[in-house]
2 protein chains.
Amino acid sequence: MARRDSTLRIETDCSACPIRHRAVCAQCEPDELSVLNDIKTYRSWKAGETVVMEGEPLDFAASVVQGCATLTRSMEDGRTQMVGLLLPSDFLGRPGRDRTAYQVTAATDLTLCMFRRSAFEALLRDTPHVADRLLEMALDELDAAREWMLLLGRKTAREKVATFLLMILRRATLDGGPARAELPITRDAMATYLGLTIETVSRQMTALRRDGVIATDGLRGISTADPGLLAEAAGEDADGAPIV
Amino acid sequence: MARRDSTLRIETDCSACPIRHRAVCAQCEPDELSVLNDIKTYRSWKAGETVVMEGEPLDFAASVVQGCATLTRSMEDGRTQMVGLLLPSDFLGRPGRDRTAYQVTAATDLTLCMFRRSAFEALLRDTPHVADRLLEMALDELDAAREWMLLLGRKTAREKVATFLLMILRRATLDGGPARAELPITRDAMATYLGLTIETVSRQMTALRRDGVIATDGLRGISTADPGLLAEAAGEDADGAPIV
DNA sequence: CGTGGCTTTGAAACGGGTCAAGACTGGTGG
DNA sequence: CCACCAGTCTTGACCCGTTTCAAAGCCACG
């Protein structure tokens, strides 16, 4: 899993940061950035490692710099639902609360840009650009969570899998590249995200491939020749954004 | 449905507002309140009326003063999922975006305290107390949405219904009153919220009553003698807040 | 005393879960 | 270089919970 062939040397200078323009610091001016620069620290986890356990203290806020983290919520008997998938530039943490309701796990090798919670809360008070951006990001997350509620409550297994693949292709293909991507998570994690079992995910992947909706390249690589077909399989509105 | 026997005369003065201490204006000082006072307007809808259609312009932000509104998201073929249930003090609107992705419907007779979008956005810039509170509320909504994802993805029909009833009882029984409440929505709306069919909701309500977990009083009234039993039926962690 | 909307109940069908093998992949050590 | 192994994924057969389809009951209201 440690496929970190290009271990991109993390810059300590914010202005060269790969997520600079999309993260919680996106709207900061140079002087604000230098404040951030002074209080941030980087930390990395290997794929599979736990970042924080459900219900434990979370004494930092952070941005995903590189890799993929998952948020999951579990019931006593072990049933588990993923409630968030954090990709580079996404935010982790909950200002005003000192523990997390979710288990945070590194799905791939992961690097976070972290701030102590107290320092970050001071930042929120003093730096409107950070608070504004955080509100914007929280509202985007809320929209995404609600979109996922529609998927979990009403979509069929086939539509669920197709929707997930489409989302990954869209996030990977930011500016009109080819519709091809590496899945950042295992089948198991996909099942946890989609409210399915791993067997059902596997069967639907096979069915979508058999039907010519997607092509696979190894276990993790996916692509689609006809994004419209995939969007249709995902049960998307015809007027939905025809990206990818 | 127009059971508005106590048509509480809405005060125009914020300081006497029933949701004053929990809404987006909760942290405002007297002088800030007077600014709000000047730009707000009230508007009411009858049960069943549509406030805004999915995808239409939403040129205001608002707080629920009285009644209950629902947010729903639909697919082309008509499948519908409720993604939010707004009770008094809850916030409606999306600063920074001019249209809504959800259909907003009055589930009961409804009164909103509204602000023009532009005026509200100005308020956000000038009144940190409002912006702070809005961020806090957005993060609470996000937690609630994620909790609902666990329900939609992993809970059984019986657990879903029990969870909903428990949530209603908890919100109605704010400070240790008896565990009794009126359901603010129809069976149909419950089904839409829980990702079930109306028939399944009805069957599970019957089963919970038969099993002595709840008692019903007419179609809308519910109560429970043993909140622990209901929490268990809802699949809650033993260490979950034992409220109600 | 109908009428229409909402709710309950029943019987049958079906989608996804469960259980159980088996196949593929990448890494390790002989 | 190949055999082995553990982890991951795929496939098959069967089962069960929820949906679907259909009909009847209840209630408020005119």
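Each chain gets a letter, A, B and so on, in the order the sequences are listed, and its residues count up from 1.
- Taking the charged nitrogens against the carboxylate oxygens, B:Asp90 and B:Arg171 do have a contact shorter than 4.0 Å, which makes a salt bridge.
- Summarising the geometry, the separation between CZ on A:Arg187 and P on C:dA23 is reported as 18 Å, rounded to the nearest angstrom.
- Residue contacts shown for A:Thr206 are limited to sugar-phosphate atoms, with no base heavy atom under 4.0 Å away.
- Rounded to a whole Å, the CG atom of B:Leu219 is 15 Å from the C1' atom of D:dC29.
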- Query: Yes or no on salt bridge (Lys or Arg N to Asp or Glu O under 4.0 Å) for B:Arg97 and A:Asp140, after CA distance, side-chain angles and deciding distance?
  - Reply: CA-CA 11 Å; B:Arg97 194 162 298 177; A:Asp140 283 344; 3.1 Å; yes

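- B:Met205 is listed as a side-chain neighbour of B:Arg187, based on a closest heavy-atom distance under 4.5 Å.
- With salt bridges taken as basic N to acidic carboxylate O contacts below 4.0 Å, none links A:Arg158 and A:Glu232.
- Atom CD1 in A:Ile198 sits roughly 13 Å away from atom C1' in C:dG17 (whole-Å rounding).
- In this structure, the CZ atom of A:Arg220 is 10 Å from the P atom of D:dT8, given to the nearest Å.
- Looking only at side-chain heavy atoms (C-beta outward), B:Val52 and B:Gln103 stay at 4.5 Å or farther from each other.
- Following rounding to the nearest Å, B:Asp188 (CG) and C:dT8 (P) show an atom-to-atom distance of 12 Å.
- Separating the CE atom of A:Met205 from the P atom of D:dT8 is a distance of 16 Å, rounded to the nearest angstrom.
- Counting to the nearest Å, the P atom of C:dC24 and the CZ atom of A:Arg209 are 12 Å from each other.
- Residue B:Trp45 is tested with B:Leu112, B:Asp109, B:Thr111 for a side chain to side chain contact (heavy atoms under 4.5 Å, CB included); the sole match is B:Leu112.
- A straight line from CG of A:Asp217 to C1' of D:dC9 spans 16 Å, rounded to a whole angstrom.
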- Query: Could you run down nucleotides 12-26 of chain D 5' to 3' and tag each one B, S or - for protein heavy-atom contact under 4.0 Å?
  - Reply: BB----SBBB-----

